[in-house]
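Here's the structure we're looking at; comments come further down.
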Protein chains: 2
Amino acid sequence: MKKYRDIGFKLTPQRIAVLEYLENNKEHPSAETVYSNVSKKFPTMSFATVYNTLAALRDRGYLLELTIDADKRRYDPNIHPHHHLICKVCKKIIDIPTEYMLQIPEHLRGGFEITGNHIEFYGVCPECKQQRAT
Amino acid sequence: MKKYRDIGFKLTPQRIAVLEYLENNKEHPSAETVYSNVSKKFPTMSFATVYNTLAALRDRGYLLELTIDADKRRYDPNIHPHHHLICKVCKKIIDIPTEYMLQIPEHLRGGFEITGNHIEFYGVCPECKQQRAT
DNA sequence: GTTACTGCAAAGCTTTTGCATCCCT
DNA sequence: AGGGATGCAAAAGCTTTGCAGTAAC
């Protein structure tokens, strides 16, 4: 936690609760999900504080904001380069920590300076596949 | 246009205007952009009709709904498999029609049935790169 | 004639903002 | 003490919906 304070990130009890909830979290939660979980232990917590905290962490590079879900933004505390596998039915997201070497053919690059990439794999998870078969 | 009618898609003047606007459109427009362009020639056009039409085309597989932009959904009439290169500054999106062979290691697949993938390449376009230098 | 689309306005969600108060450093 | 965070409520965007009227098939 010290690293946050060191860069001038003020550690309030609310922020610590959010940080603890996110730590090692693999669910790629939405702000709403973060709010409802954190406010269990912290009833006075407000939505605005969750949004502010998530935005502050994102701006400082401690949190990725995923635009995978059209309905809401989801957050990923894993900031190491990785990709995602998404269930089209239940929107579950799992991490794919594989590195792929992807080159864009020169004639398609359009003079862009490439800084990164992100692969979304789509599919149906075992649980949803079984429910469909029913 | 006949193909739409053949599957029970009712062709109204408003829908034809939307279809004509989208045809060969490479700008990946948002619903707002579609609306403002189509309503130039069709002043009585309503937002709801644009949304309904886009959703109907999407549901029938004639239009891709992109979740690349966190702020709004964008639409892509190019339904052939392809990827995207996105300018992080101005959010311009250009098509990358290259095919990449991407395999997910078995132990990471989690029993998913994989149905497809989509790569987002990130970068800065020449125009934005120049403005930054200034 | 049916069925389904249009247009308008209102409502629904997610996310952002203003502002007074409070508290971490 | 000072700067920044909190909490509340209101507002702002984007998208969806209900419903009466209308047009495509």
Side-chain angles (χ1 to χ4, degrees), chain A residues 1-22 28-60 62-75 91, chain B residues 1-22 28-60 62-75 91:
Chain A
M1 292 278 164
K2 186 171 174 300
K3 64 177 176 183
Y4 297 111
R5 199 163 4 220
D6 287 349
I7 57 157
F9 187 75
K10 202 174 275 187
L11 284 176
T12 65
Q14 293 87 340
R15 287 182 163 189
I16 291 171
V18 170
L19 286 168
E20 284 176 350
Y21 175 70
L22 290 176
H28 309 82
S30 65
E32 163 67 38
T33 304
V34 175
Y35 171 72
S36 63
N37 279 280
V38 172
S39 58
K40 280 178 198 160
K41 293 192 175 179
F42 232 105
T44 70
M45 175 68 114
S46 82
F47 256 120
T49 298
V50 171
Y51 274 101
N52 289 340
T53 301
L54 295 176
L57 291 170
R58 181 242 289 142
D59 291 344
R60 288 170 170 80
Y62 291 120
L63 192 61
L64 294 179
E65 192 170 72
L66 305 181
T67 55
I68 279 174
D69 187 333
D71 295 329
K72 53 179 85 91
R73 300 180 189 184
R74 296 178 63 161
Y75 294 88
K91 304 214 171 150
Chain B
M1 292 279 164
K2 187 171 173 299
K3 65 178 176 184
Y4 296 111
R5 199 164 3 219
D6 287 350
I7 58 157
F9 187 75
K10 205 173 271 187
L11 283 177
T12 65
Q14 292 87 339
R15 288 183 162 190
I16 292 170
V18 170
L19 287 168
E20 284 176 350
Y21 175 70
L22 290 176
H28 309 82
S30 65
E32 163 67 37
T33 305
V34 174
Y35 171 74
S36 65
N37 279 280
V38 172
S39 58
K40 280 178 198 163
K41 291 193 176 178
F42 232 105
T44 71
M45 176 67 112
S46 83
F47 256 119
T49 298
V50 171
Y51 274 103
N52 289 340
T53 301
L54 294 175
L57 290 171
R58 181 243 288 143
D59 291 344
R60 289 171 169 80
Y62 291 121
L63 192 61
L64 294 180
E65 193 171 71
L66 305 180
T67 56
I68 280 174
D69 186 334
D71 295 329
K72 52 179 87 90
R73 301 181 189 182
R74 297 178 61 162
Y75 294 88
K91 306 215 171 149

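- One interatomic measurement links the two molecules: CD1 of Ile7(A) to P of dA5(D), which rounds to 11 Å at whole-angstrom precision.
- Listed here is the closest heavy atom pair of Pro13(B) and Phe42(B): CB-CZ, 3.6 Å.
- The residue Pro43(B) sits apart from the nucleic acid: no heavy atom pair falls under 4.0 Å.
- Position along DNA chain C of the nearest nucleotide to Thr49(B) versus Arg58(A) favours Thr49(B) as the more 5'-ward residue.
- The side chain of Thr12(A) sits closest to dA5(D) out of dG7(C), dT25(C), dA5(D).
- Comparing dG7(C), dT15(C), dG7(D) by their nearest atom to the side chain of Ala31(A) picks out dT15(C).
- Shown here for Val34(A) and Leu22(A), the closest heavy-atom pair between the two residues is CG2-CD2, 4.4 Å.
- When distances are taken from the side chain of Lys72(B) to each of dC8(D), dT15(D), dA24(D), the shortest belongs to dT15(D).
- One can place CG of Asp59(A) at 15 Å from C1' of dG4(D), the figure rounded to the nearest angstrom.
- OP1 or OP2 of dT16(C) has at least one side-chain nitrogen or oxygen of Arg73(A) nearer than 4.0 Å.
- The OH-P distance, from Tyr51(B) to dA10(C), rounds to 18 Å in whole Å.
- Phosphate proximity of dA23(D) to Gln14(B): absent, as no side-chain N or O sits under 4.0 Å from OP1 or OP2.
- A donor-acceptor distance shorter than 3.5 angstrom exists from the side chain of Arg15(A) to the backbone of Lys10(A), with no hydrogens or angles considered.
- Considering only side-chain N and O atoms, Arg15(A) lies nowhere under 4.0 angstrom from the phosphate OP1 or OP2 of dG4(D).
- Glu32(B) places its CD atom 12 Å from the C1' atom of dT15(D), with the value rounded to the nearest Å.
- Looking at heavy-atom distances under 4.0 Å, Ser30(B) makes no contact with the nucleic acid at all.
- The shortest heavy-atom contact between Asn37(A) and Tyr21(A) is ND2-OH, 3.3 Å.
- Per the geometry, NZ belonging to Lys2(B) stands 19 Å off P belonging to dA24(D), to the nearest Å.
- Atoms OG1 and OH, from Thr33(A) and Tyr75(A) in turn, are 11.0 Å apart once rounded to the nearest 0.5 Å.
- Rounded to 10 degrees, the angle between the two end axes of the helix from dG1(C)-dC25(D) to dT25(C)-dA1(D) is 50°, with five pairs used at each end.
- Along DNA chain C, the nucleotide nearest to Thr53(B) and the one nearest to Phe9(A) differ in position, and the one closer to the 5' end is contacted by Thr53(B).
- As rounded to whole Å, 14 Å separates atom C1' of dC8(C) from atom CE of Met45(B).
- In terms of heavy atoms, Gly8(A) sits closest to Arg60(A) at O-NH2, 4.0 Å.
- Distance Asp69(B) CG to dT15(D) C1': 14 Å, rounded to the nearest Å.
- Contact of Lys10(B) with dT3(C) (side chain to base): a donor-acceptor pair of N or O atoms is detected under 3.5 Å.
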Side-chain donor-acceptor pairs of residues 49-57 of chain A under 3.5 Å, sequence neighbours excluded:
from, atom 1, to, atom 2, distance (Å)
Thr49(A), OG1, Ser46(A), OG, 3.3
Asn52(A), ND2, Ala48(A), O, 3.2
Thr53(A), OG1, Thr49(A), O, 2.7

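- Residue Tyr35(B) contributes atom OH, which lies 14 Å from atom P of dT6(C) at whole-angstrom precision.
- Taking for each of Leu11(B) and Ala48(B) the nucleotide of DNA chain D with the nearest heavy atom, the 5'-most of the two is the partner of Ala48(B).
- Here dT6(D) is the nucleotide among dG7(C), dT15(D), dT6(D) with the atom lying nearest to any side-chain atom of Asn52(A).
- Judged by distance alone, the side chain of Arg73(A) and the main-chain N or O of Glu65(A) form no donor-acceptor pair under 3.5 Å.
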